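Input: one structure, supplied below.
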Amino acid sequence: MRRGTMSVVGYKGYSVLMSVYHKEKPEYLKQAIESIQAQTLSTNDFVLVCDGPLNGPLDSIIAAKQQEMGESLNVVRLAKNGGLGNALNEGIKHCKNELVARMDSDDIAYVQLRPVQGF
């Protein structure tokens, strides 16, 4: 195994953990989610933590993605913005899989996430 990689043997799936807050750019969030949807090995658990109230454009993207992704998109809404660390700590409690891929809301994942990025 190459340094910086991890084997997926023995794992049934992986979770994606992402946090978003009101200052994020809606188009970046949309692209980040779509890059995960395009994976050659799809996730069965995408946890999106809304760190406090969001704005209309962000909420619209999330609503549309919930329609598309169904139960695989788990949106966790926090009442107030508590910062990235707090949001991720809450979000990881909702992840269903032992293996968790952490993404920022402006990240773009390569289509073959696991071999290229070490997952």
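Values below: all heavy atoms of this structure, side chains included; hydrogens, waters and symmetry mates excluded. Owing to the predicted nature of the structure, the values given are computational and were not obtained by experimental measurement.
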>> What I'd like to find out is whether the side chain of Leu48 reaches to under 4.5 Å of the side chain of Asn74, using heavy atoms alone.
In response: no
>> Heavy-atom count check: over 12 atoms from other residues, nucleotides or ligands less than 6.0 Å from Ile92 CD1?
In response: no
> Can you list every pair that meets side chain to side chain donor-acceptor pair (under 3.5 Å) and has a residue in residues 81-94, with sequence neighbours left out?
Replying inline: Asp51-Asn81, Glu90-Lys93, Glu90-His94
In residues 26-34, what donor-acceptor pairs under 3.5 Å come from side-chain atoms, sequence neighbours left out?
from, atom 1, to, atom 2, distance (Å)
Lys30, NZ, Glu34, OE2, 3.1
Glu34, OE2, Lys65, NZ, 3.0

> How close do Ile36 and Met103 get, heavy atom to heavy atom, and via which atoms?
Replying inline: CD1-SD, 3.1 Å
>> On a heavy-atom basis, which atom in Leu58 and which in Asn55 lie closest, and how many Å separate them?
In response: N-OD1, 3.0 Å
> To the nearest 0.5 Å, how far apart are CG in Asn44 and OG in Ser72?
Replying inline: 8.0 Å
> Gly91 and Val49: which non-hydrogen atoms are nearest, and at how many Å?
Replying inline: CA-CG2, 3.5 Å
> What's the shortest heavy-atom distance between Leu54 and His22, and which atoms?
Replying inline: CD2-N, 3.6 Å
>> If you define the side chain from C-beta out and look only at heavy atoms, does anything of Val47 sit under 4.5 Å from Val16?
In response: no
>> In the structure I gave you, are the side-chain heavy atoms of Gln37 and Leu73 within less than 4.5 Å of one another anywhere?
In response: no
>> Could you measure the distance from the OH atom of Tyr21 to the OG atom of Ser105? Nearest 0.5 Å is fine.
In response: 8.5 Å
>> Checking Ser60 now: which residues fulfil side-chain contact (heavy atoms from CB on, under 4.5 Å) with it, not counting sequence neighbours?
In response: none
> If every non-hydrogen atom of Gln39 is compared with every non-hydrogen atom of Ser35, which pair is closest and at what distance?
Replying inline: NE2-O, 2.9 Å
>> Once side-chain hydrogen bond (donor to acceptor under 3.5 Å, both in side chains) is applied, do any residues pair with Ser15, and if so which ones, sequence neighbours excluded?
In response: Asp45, Asn97
> Listed by chain and number, what are the salt bridge (Lys or Arg N to Asp or Glu O under 4.0 Å) partners of Asp107, not counting sequence neighbours?
Replying inline: none
> Any side-chain heavy atom of Cys50 within less than 4.5 Å of one from Leu78?
Replying inline: no
> For Asp106, what residues pass the side-chain hydrogen bond (donor to acceptor under 3.5 Å, both in side chains) criterion, not counting sequence neighbours?
Replying inline: none
> Any side-chain heavy-atom pair from Met18 and Asp104 closer than 4.5 angstrom?
Replying inline: no
> So, for Tyr14 and Ala101, which heavy atoms are closest and what is the spacing to 0.1 Å?
Replying inline: CD1-CB, 4.3 Å
